[in-house]
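Counting starts at 1 for both ligands and their atoms, following the listed order.
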Amino acid sequence: MSMIDVSGLELYLGAGPRRRKILDGIGFEVEDGQTFGLVGESGSGKSTVLRCIAGLYKHWDGAISVDGKSFAQTKRLEWCRKVQMVFQDPYGSLHPKRKIADILAEPLKVHGFSDINRRIGDALEQVGLGDQFRYRYPHQLSGGQRQRVAIARALILEPKILLLDEPTSALDVSIQAEILNLFMDLRERHKLTYLLVSHDLAVIDHMCSDFAVMEGGRIVEVLSRAALESGAAQSQYTRSLIAASAAYDRDLALAQAGA
Ligand SMILES: Nc1ncnc2c1ncn2[C@@H]1O[C@H](COP(=O)(O)OP(=O)(O)OP(=O)(O)O)[C@@H](O)[C@H]1O
Ligand SMILES: [Mg+2]
């Protein structure tokens, strides 16, 4: 049984004459414990797919199931416990006037947990932050630390699935690998399943067994990591990503040779 099962997903957004079909028959499955990637040009609908799965949009057609239960059959709070999202910009997603402990306590209160203190301590430890971070505000943290807090908040309800929307692209290059490795560790430790949006083929290659390429609200191809490496990509977008990343590698090699 797959952990995420999406089929025939369609969504319209905008009102009146601006109403447009944003997702057009999206379907894919993600096995338990895997990381499935979503790539595609800007505006192709990647974040919208994640928002539908997170339950932030509810007026779609089609079917979404997680862990064998459909969205329609599941109560909102139960769905939220299973499926959590991590956004690109950790500063925008953390309330600036709240201490980290309050930010982490909020979902626990909504879901009626009583051992809030212990859970906050555990969550901070899981993302490699000490207990002193409880008393800080988001602006007193580095970008990488803020993203760790956002990850702790996503983990605090012990979800099965994390939806990751370009979770490292706002971070300094030196921090990106650290955060990606944290995601890999957490996936093993907590038996998580990930759906990962990225523009960076190296990130997809590092994290994902398979990924889908989106164009104009549709999936135009699904590739495995092995197919990517053997040059089997058909779609124009994937080919341009591969060309860009090959050019980057070549420039880097030339720069290093010249240094
Ligand atoms: N609330 C909205 N009302 C109308 N159109 C919207 C709304 N939100 C998004 N869209 C449109 O839906 C399309 C898909 O947007 P989405 O944010 O999913 O793209 P994306 O693939 O995540 O792009 P990016 O790589 O730039 O993040 C875009 O054309 C966007 O303009
Ligand atoms: Mg997006």
Side-chain angles (χ1 to χ4, degrees), residues 4-28 30 35-64 66 71 79 83-94 143 146-147 150-151 153-154 161-173 176 179-180 183 193-208 210-223 228 233-245 248:
I4 308 175
D5 192 342
V6 176
S7 70
L9 183 63
E10 286 191 7
L11 179 81
Y12 288 82
L13 288 176
R18 294 235 181 113
R19 187 175 145 87
R20 281 203 304 120
K21 197 177 209 175
I22 303 294
L23 300 180
D24 187 6
I26 298 288
F28 58 88
V30 189
T35 300
F36 187 79
L38 279 183
V39 305
E41 58 198 27
S42 183
S44 58
K46 306 176 298 292
S47 298
T48 308
V49 170
L50 298 200
R51 282 189 209 114
C52 290
I53 300 173
L56 299 174
Y57 291 133
K58 300 186 181 67
H59 60 288
W60 39 265
D61 280 318
I64 302 177
V66 301
F71 186 78
W79 191 271
V83 184
Q84 287 284 314
M85 194 150 162
V86 176
F87 298 90
Q88 175 178 8
D89 170 16
Y91 203 51
S93 71
L94 301 177
R146 279 199 289 267
Q147 194 59 309
I151 297 165
R153 182 180 55 182
I161 294 166
L162 290 189
L163 307 171
L164 309 173
D165 198 351
E166 303 190 50
T168 57
S169 53
L171 300 175
D172 192 272
V173 184
Q176 286 182 6
I179 299 291
L180 290 176
F183 279 123
T193 301
Y194 292 160
L195 184 57
L196 168 73
V197 171
S198 177
H199 280 110
D200 186 337
L201 217 47
V203 170
I204 294 286
D205 191 40
H206 185 65
M207 299 279 293
C208 303
D210 301 277
F211 65 98
V213 184
M214 290 187 61
E215 227 175 85
R218 297 176 191 215
I219 289 179
V220 292
E221 68 181 331
V222 176
L223 285 166
L228 181 68
Q234 298 289 324
S235 74
Q236 184 57 39
Y237 181 76
T238 322
R239 287 177 168 275
S240 65
L241 269 186
I242 293 168
S245 102
Y248 177 78

I would like to know whether V222 and F28 meet side chain to side chain contact (heavy atoms under 4.5 Å, CB included); could you show each step before the answer? CA-CA 9 Å; V222 176; F28 58 88; 5.6 Å; no
Take L11 and Y57, measure what side chain to side chain contact (heavy atoms under 4.5 Å, CB included) needs, and give me the verdict at the end. CA-CA 9 Å; L11 179 81; Y57 291 133; 3.9 Å; yes
Evaluate the side chain to side chain contact (heavy atoms under 4.5 Å, CB included) criterion for residues M214 and I219: first the C-alpha distance (whole Å), next the side-chain angles of each, then the deciding distance (0.1 Å), finally the verdict. CA-CA 4 Å; M214 290 187 61; I219 289 179; 4.1 Å; yes
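Between the CD atom in E221 and the CZ atom in F211 there is a gap of 7.0 Å [rounded to 0.5 Å]. S93 contributes atom OG, which lies 5.0 Å from atom CZ of R153 (distance to the nearest 0.5 angstrom). Summarising the geometry, atom CD1 belonging to I204 is positioned 9.5 Å from atom CZ belonging to F36; distances are rounded to the nearest 0.5 Å. Rounding to the nearest 0.5 Å places CD1 of I64 at 11.5 Å from NZ of K58.
For atom 17 (O) of ligand 1, the nearest non-hydrogen atom of the protein is S47 CB, 3.8 Å. Scanning all protein heavy atoms for the shortest distance to atom 23 (O) of ligand 1 gives G43 N, 2.8 Å. Nearest non-hydrogen protein atom to atom 18 (O) of ligand 1 is T48 OG1, 2.5 Å. The single protein non-hydrogen atom nearest to atom 29 (O) of ligand 1 is R20 NH2, 3.2 Å, given as residue, atom name and distance. Atom 25 (O) of ligand 1 has K46 NZ, 2.8 Å as its closest protein atom, hydrogens excluded (heavy atom only). At the top of the distance list for atom 26 (O) of ligand 1, counting protein heavy atoms only, stands S42 OG, 2.5 Å. Atom 1 (N) of ligand 1 has as its closest protein heavy atom Y57 OH, 4.0 Å.
For the pair E166 (side chain) and Q88 (backbone), a donor-acceptor distance under 3.5 Å is absent. Using a distance-only test at 3.5 Å, with no hydrogens or angles considered, no donor-acceptor pair links the side chain of E215 to the main chain of V220. With hydrogens and angles disregarded, a donor-acceptor distance shorter than 3.5 Å links the side chain of Q176 to the backbone of L171.
Within the structure, ligand 1 has H199 among the residues with a heavy atom less than 4.0 angstrom away. Not a single heavy atom of M214 sits less than 4.0 Å from an atom of ligand 1. Distances shorter than 4.0 angstrom occur between a heavy atom of S44 and an atom of ligand 1.
In summary, T48 places no N/O/S atom under 2.8 Å from the Mg ion (ligand 2), failing the contact criterion.
Considering backbone and side-chain N/O of G45, one or more are found under 3.5 Å from N/O of ligand 1. In terms of polar-atom proximity, R51 is not counted as a contact of ligand 1, lacking any N or O under 3.5 Å from an N or O of the ligand.
Distances from atom 9 (C) of ligand 1 to the heavy atoms of L13, D165, L11 put L13 nearest.
Contacts between I22 and ligand 1 below 4.0 angstrom, taking non-hydrogen atoms only, involve the side chain exclusively.
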